[in-house]
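Proteins come first, then strands; the chains are lettered A, B, ... in the order of their sequence lines, and each starts at number 1.
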There are 2 protein chains.
Amino acid sequence: MPIDVPGDVPIGEAARVSGVKVPTIRYYEEIGLLPEPPRSDGNRRLYGPAHLARLAFIRHSRQLGFEIEAIRTLLDLQDNPGQPCSPADSIARRRLDEVEARIASLIALKAELERMIDGCAHGSVAECRVIDVLSDHGKCAHADH
Amino acid sequence: MPIDVPGDVPIGEAARVSGVKVPTIRYYEEIGLLPEPPRSDGNRRLYGPAHLARLAFIRHSRQLGFEIEAIRTLLDLQDNPGQPCSPADSIARRRLDEVEARIASLIALKAELERMIDGCAHGSVAECRVIDVLSDHGKCAHADH
DNA sequence: CCTACGTTCTCTAGCGACTAGAGGAGCAAG
DNA sequence: CTTGCTCCTCTAGTCGCTAGAGAACGTAGG
């Protein structure tokens, strides 16, 4: 008995299994991230396992915040597995740096927002700490912003 | 002796003191966030202290990550100081929630990226942990992504 | 066979928040 | 009076999608 390998599926099904929306799949094809799949007699796209795997790769990469161009490079690497993986490595490392920087700045932001909100007496706008702090950056505990 | 209150300054100077780029200032005017300033004889924009204060408010709000529409509301509130400040409060609170959610998801992301990078043996793509994890979400320590 | 409905097709335009560049005019210093 | 900077308006581009129009296909029921 043959295992239930997914045969060729139409775009809606590809969207369902990959979690990528239909127009987004078409968009990925348009920008050359996903190769053009074969078409049915009625001109519908039919995705096989290889396409679905690639789509999953793209989706996962996007979830990790990699940019399209970075993903393009990563996919190229995946297609040529003999090459050294240092480019992949450095792309991931760069992304990690970004994420760390972003976390740090968001934590500072969070502190600033909390200070604003906690200081607010919930009266009129005239005494509102939120508006007050926004108008005068000097009232910030100078987060890096 | 008069204090050195900034007189009317051209857009370049406004950009310098506010830290908002020239085209961005014009953009804020275009979308009605910053009122149209008076013009010089030669049709140049001239910003007075009120404009500069508003610009600083906008810039600070953007740095804290508020959306343009939220800033529009905040500016309206600032213009009508008699109103209750609860709308400002809730805008800030919503932003805080977003920031907290974002921090949490970025921390999970960071862990995932670190795992990928640490696991990479720096050999060829064929054994690259980075590419490997990207192709198979199952290899993630299932962060919420 | 006809109809109804869901899916897919292509195409264009829009989102947010800018950013870049063209082509021209004003303005201050040498 | 020329040089070089700033400023003007305008259009178009960025990123990663998202929305919608209008038409064709495909399938299930009657």
Side-chain angles (χ1 to χ4, degrees), chain A residues 7-34 36-48 51-52 54-55 57-75 91 94-95 98 102 145, chain B residues 7-34 36-48 51-52 54-55 57-75 91 94-95 98 102 145:
Chain A
D8 286 358
V9 298
I11 198 166
E13 182 63 12
R16 237 160 286 132
V17 309
S18 68
V20 179
K21 290 181 194 158
V22 169
T24 305
I25 296 177
R26 288 197 278 245
Y27 168 72
Y28 288 156
E29 179 182 322
E30 190 187 310
I31 63 171
L33 207 57
L34 194 61
E36 297 186 24
R39 301 283 184 123
S40 74
D41 289 358
N43 197 35
R44 274 116 195 266
R45 292 169 178 83
L46 289 177
Y47 296 93
H51 282 99
L52 295 178
R54 206 169 175 90
L55 196 47
F57 186 106
I58 295 170
R59 151 127 157 133
H60 194 192
S61 303
R62 286 296 298 138
Q63 284 178 323
L64 292 176
F66 291 104
E67 291 174 6
I68 298 287
E69 285 315 300
I71 298 172
R72 210 184 284 279
T73 305
L74 292 168
L75 284 166
I91 287 173
R94 230 177 306 139
R95 177 67 190 139
E98 281 170 26
R102 192 89 186 99
H145 67 271
Chain B
D8 286 358
V9 298
I11 198 167
E13 182 63 12
R16 238 160 286 133
V17 308
S18 69
V20 179
K21 290 180 194 158
V22 168
T24 305
I25 296 177
R26 289 198 277 246
Y27 168 72
Y28 288 157
E29 180 182 322
E30 190 187 308
I31 63 171
L33 205 58
L34 194 62
E36 297 187 25
R39 301 283 184 122
S40 75
D41 289 0
N43 198 34
R44 273 114 196 270
R45 292 170 179 82
L46 289 177
Y47 295 92
H51 281 99
L52 296 178
R54 205 168 175 94
L55 195 48
F57 185 106
I58 295 170
R59 151 128 158 133
H60 194 192
S61 303
R62 286 297 297 138
Q63 284 178 322
L64 293 176
F66 291 104
E67 292 174 4
I68 298 287
E69 285 317 299
I71 297 172
R72 211 185 283 281
T73 305
L74 291 168
L75 284 167
I91 286 173
R94 230 175 308 138
R95 176 68 189 138
E98 281 169 24
R102 192 92 186 96
H145 67 270

Q | chain B contact limits on DNA chain D, taken 5' to 3' with a cut-off of 4.0 angstrom to heavy atoms | A | dT6(D) to dT9(D)

Q: With sequence neighbours excluded, tell me which residues meet side chain to side chain donor-acceptor pair (under 3.5 Å) with Arg16(B).
A: Glu13(B)

(Q) Across nucleotides 1-6 of chain C, 5' to 3', mark each nucleotide with B, S or - according to how protein heavy atoms within less than 4.0 Å reach it. (A) ------

Q.
Could you work out, with ring-ring contact (aromatic ring centres under 6.0 Å, His included) as the rule, every residue matching His60(B), not counting sequence neighbours?
A. His137(A), His145(A)

Q) What pairs with Arg95(A) under side chain to side chain donor-acceptor pair (under 3.5 Å), at least two apart in sequence or on another chain? A) Glu98(A)

Q: Apply side chain to side chain donor-acceptor pair (under 3.5 Å) to Arg26(A) and list each qualifying residue two or more places apart in sequence or on a separate chain.
A: none

Q. Got a sec, which residues hit side chain to side chain donor-acceptor pair (under 3.5 Å) with Asn43(B), two or more places apart in sequence or on another chain?
A. Arg39(B)

**Q.** DNA chain C contacts among residues 62-71 of chain B, heavy-atom distance under 4.0 Å
**A.** Arg62(B), Glu67(B), Ile68(B)

At a cut-off of 3.5 Å, list every protein nitrogen or oxygen paired with a nitrogen or oxygen from nucleotides 28-30 of chain C, distance to 0.1 Å.
none

Q. Residues from residues 20-32 of chain A sitting under 4.0 Å of DNA chain D, heavy atoms only?
A. Lys21(A), Thr24(A), Tyr27(A), Tyr28(A)

Q) Quick one: side chain to side chain contact (heavy atoms under 4.5 Å, CB included) partners of Leu46(A), sequence neighbours excluded? A) Asp8(A), Ser40(A)

(Q) Please report the end-to-end axis angle for the helix from dC1(C)-dG30(D) to dG30(C)-dC1(D), five pairs per end, rounded to 10 degrees. (A) 10°

